[in-house]
Amino acid sequence: MINFKNVSKVYEHEGEKLVAVNEVNLQVERGEIFGVIGFSGAGKSTLVRLVNQLEKPTEGEVLVDGQDVSSLSAKELRGMRRKISMIFQHFNLLESKTVYHNVAFPLILSGEPRDKVKKRVEKILDFVGLKDRANYYTDQLSGGQKQRVGIARALATSPDILLCDEATSALDPETTQSILELLRKIRDEYNVTILMITHEMNVVKDVCDRVAVMEDGEVIEQGSIFDLFTNPKHKTTHKFIQSVMKGDIPQSILIGIGENNHPRHIYRVTFLKEHAGEPVFSRIAKRFNVEVNILYGQILEIQETPFGNLIVELQGEDSEILKAVHYIEEVVSVERVMASAS
Amino acid sequence: MQVNLLDFWPRILEATQETLLMVSIALVLATVIGLPLGVALVVTRDHGLMENKIVFNVLNGVVNIFRSIPFIILLVAILPLTRLLVGTSIGTAAATVPLVLFSGPYIARLIESSLLDVNKGVIEAAQSMGATNWQIIYRVLLPEALSTIALNLTIASIGLVGASAMAGFVGGGGLGDLAISYGYQRFETDIMIVTVILLIIIVQAFQAIGNYLSKKLRRL
């Protein structure tokens with residue numbers, strides 16, 4: 001649906017070159033929610049604007065539905081933009097106009113007849129849950145409501161693609177969730193392809209099918225959200241994952257691991273997709289002469305699959321512990337936590 | 001010889017009308033010049049909708065030249081032009097010409113700054129929806145800036161009241177003329193006081209109307 005082929009964008013400012021996007025290759029499939037995550041300045045804002053040509057690439061091509069968007073004439077581009085809608089971090093609504101007029105705006109621009117506009121706007125406002133706010137002005141709305149207006153406006157022209165530029169970054173966590181739910185509903189009901197950029201791992205985790213991680217204008221890693229979580233290859237990816245899942249072991253646990261002559265047996269157990277539901281600890285407790293003490297841990301749900309790790313202490317004879325570890329190693333990943341880890 | 005203030009009222013009333021007429025005509029004509037000029041300054045500048053260095057620099061330069069000439073000098077300097085346009089160089093109609101030339105470029109600047117205040121994100125959003133540049137100008141820039149423009153035009157109109165009083169020096173008519181020829185040159189203090197009070201009332205009224213309009217235009 002959206003295909004970045006070796007795309008670069010270089011800004012030149014007073015003789016100095018700034019590479020915002022560097023040889024990016026990405027393929028966004030029809031009907032998927034694709035996330036691009038990166039810290040600020042990573043080039044993701046520029047990347048998303050290359051799709052609707054708010055920014056022109058300096059090299060490479062961006063194909064939308066197989067069509068190179070930078071080769072379009074001004075008129076063709078305007079037509080294309082009606083099929084590629086965009087929502088923004090700061091909503092970018094017309095302050096002088098009502099909610100109704102804001103949503104009607106793209107339809108008015110394309111010269112739709114009045115009664116058709118009215119029908120469409122009412123339907124969309126109902127869809128985003130703002131039917132009773134049609135005659136409000138934007139300064140009378142909360143942040144979440146403003147974004148709903150932005151979304152309604154974006155949907156008015158029945159687009160194939162929705163670009164989200166940090167659409168939830170100005171919202172509180174609860175509102176963020178409701179907006180993400182709405183985005184999912186849009187994908188499911190209208191089969192809209194969604195390309196979203198964000199710096200929040202939470203957002204990506206909850207709604208995206210696939211993710212690309214960007215740093216310094218380059219895509220450093222991409223894959224399904226689950227693969228990224230369970231097997232991150234890049235340091236930056238790791239950092240993002242840690243922002244929602246603490247991999248560190250608290251100091252209180254680390255202290256005392258190697259104390260006196262009886263080192264404690266503390267392990268980090270990581271559950272993976274296919275075994276997430278298995279009762280491994282109760283099994284080893286029954287089968288071997290060990291006791292399992294869970295010290296710390298976190299389980300997340302990613303794409304409806306639980307994923308996470310637990311820090312456990314095994315107590316008992318060394319030989320029994322060894323056997324127990326061997327046994328569970330077949331279904332989960334086990335790693336001994338050493339005193340030196342602090 | 002003292003003038004009886006009571007007998008003088010009709011003359012004061014007439015002068016008030018002249019002032020209001022001068023200011024309103026000048027305001028309308030200056031806006032007709034200043035509005036497109038202000039829009040052009042905004043859209044042709046760097047990163048504007050229709051970026052064009054040459055057009056911007058020419059317009060910017062012309063506006064600056066007019067803005068740097070003191071009104072009293074402009075008034076005299078363009079007398080030949082005034083005579084050409086209205087056939088005379090004295091009276092209310094004649095005073096309108098320099099007032100327009102004086103406030104047109106000023107209003108262009110005020111419009112420019114009002115339009116620059118419009119949230120760039122809204123313009124980007126309109127572009128992302130496939131709006132043409134003209135649609136952005138009259139459907140985004142102008143409506144969004146209208147409330148600020150109303151306030152700025154109020155500033156311009158009050159400036160015009162002041163300038164119109166100066167036009168009295170060349171026999172331009174209006175309250176300024178009255179204040180100068182009676183109050184100042186003939187030491188009629190009470191006439192001076194009356195004209196000043198009337199000018200204060202006019203300015204207050206203009207500001208009140210401007211504030212009201214601005215508030216109304218905030219929500220279209």
Side-chain angles (χ1 to χ4, degrees), chain A residues 11 13 45 48-49 51-55 72 74-111 135-140 149-150 153-157 159 161-166 170, chain B residues 35 38-39 42-53 110-111 113-154 210-220:
Chain A
Y11 292 102
H13 184 68
S45 268
V48 75
R49 280 169 175 73
V51 179
N52 59 1
Q53 293 285 290
L54 288 174
E55 299 281 359
L72 297 172
K75 198 177 166 210
E76 287 169 328
L77 178 61
R78 283 198 298 275
M80 174 72 93
R81 280 176 174 170
R82 285 176 187 141
K83 289 281 143 197
I84 308 174
S85 289
M86 191 166 183
I87 57 173
F88 304 86
Q89 178 174 9
H90 298 296
F91 325 120
N92 295 349
L93 303 172
L94 294 165
E95 284 165 31
S96 60
K97 301 285 167 68
T98 58
V99 166
Y100 177 92
H101 194 105
N102 266 287
V103 178
F105 193 68
L107 300 170
I108 293 169
L109 287 180
S110 52
N135 294 318
Y136 281 52
Y137 285 85
T138 55
D139 59 355
Q140 297 166 308
V149 177
R153 179 175 72 178
L155 292 180
T157 48
I161 296 173
L162 178 62
L163 305 173
C164 307
D165 179 13
E166 297 276 6
Chain B
L35 186 71
V39 171
V42 170
V43 298
T44 58
R45 67 172 46 223
D46 267 359
H47 305 295
L49 286 174
M50 309 174 193
E51 190 177 329
N52 188 326
K53 273 202 169 62
L110 292 171
I111 299 277
S113 86
S114 309
L115 295 179
L116 286 176
D117 270 350
V118 174
N119 179 1
K120 302 278 177 296
V122 183
I123 299 167
E124 190 184 35
Q127 283 176 317
S128 81
M129 290 177 228
T132 63
N133 287 336
W134 290 110
Q135 283 178 322
I136 292 175
I137 291 170
Y138 76 85
R139 288 201 183 274
V140 178
L141 277 178
L142 291 174
E144 286 291 284
L146 213 50
S147 165
T148 322
I149 289 175
L151 276 185
N152 276 332
L153 286 183
T154 308
N211 288 347
Y212 174 79
L213 282 178
S214 172
K215 206 177 153 200
K216 281 275 152 202
L217 292 171
R218 211 153 60 83
R219 291 181 171 179
L220 300 174

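In the text below, chain A, chain B and the rest are named by the order of the sequence lines, each starting its count at 1.
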- Part of A:I87 within contact of chain B (heavy atom distance under 4.5 Å): neither
- Out of curiosity, A:S85 OG to A:R153 CZ, how far, rounded to the nearest 0.5 Å? 9.5 Å
- Message: At a 4.5 Å cut-off on heavy atoms, which part of A:L93 comes close to chain B: side chain, backbone, both, or neither?
- Response: backbone
- Message: Out of the candidates B:L141, B:L217, B:L213, only one should pair with B:L146 under the side-chain contact (heavy atoms from CB on, under 4.5 Å) rule; please name it.
- Response: B:L217
- Query: With no hydrogens and no angle check, is any side-chain donor or acceptor of A:D165 less than 3.5 Å from a backbone partner on A:F88?
  - Reply: no
- Item | Part of A:L109 within contact of chain B (heavy atom distance under 4.5 Å) | both
- Item | Close side-chain approach of B:R45 and B:L116, heavy atoms under 4.5 Å | yes
- Do you know which of B:E144, B:K120, B:Q135, B:R218 has the most heavy-atom pairs under 4.5 Å to chain A? B:E144
- Query: Got a donor-acceptor contact below 3.5 angstrom from the B:S214 side chain to the B:N211 backbone?
  - Reply: no
- Most heavy-atom pairs under 4.5 angstrom with chain B, which of A:H101, A:Q53, A:K75, A:R82? A:R82
- Pairs of heavy atoms under 4.5 Å with chain B: top-ranked of A:P106, A:A156, A:G79: A:P106
- Task: Using non-hydrogen atoms and a 4.5 Å limit, figure out which bit of B:S147 sits close to chain A: side chain, backbone, both or neither.
- Result: neither
- Task: Decide, yes or no, whether a salt bridge links B:E124 with A:R49 under the criterion of side-chain N to carboxylate O below 4.0 Å.
- Result: yes
- Message: Looking at chain B, which one of A:L54, A:N52, A:I84 has the largest number of heavy-atom pairs inside 4.5 Å, strictly under?
- Response: A:L54
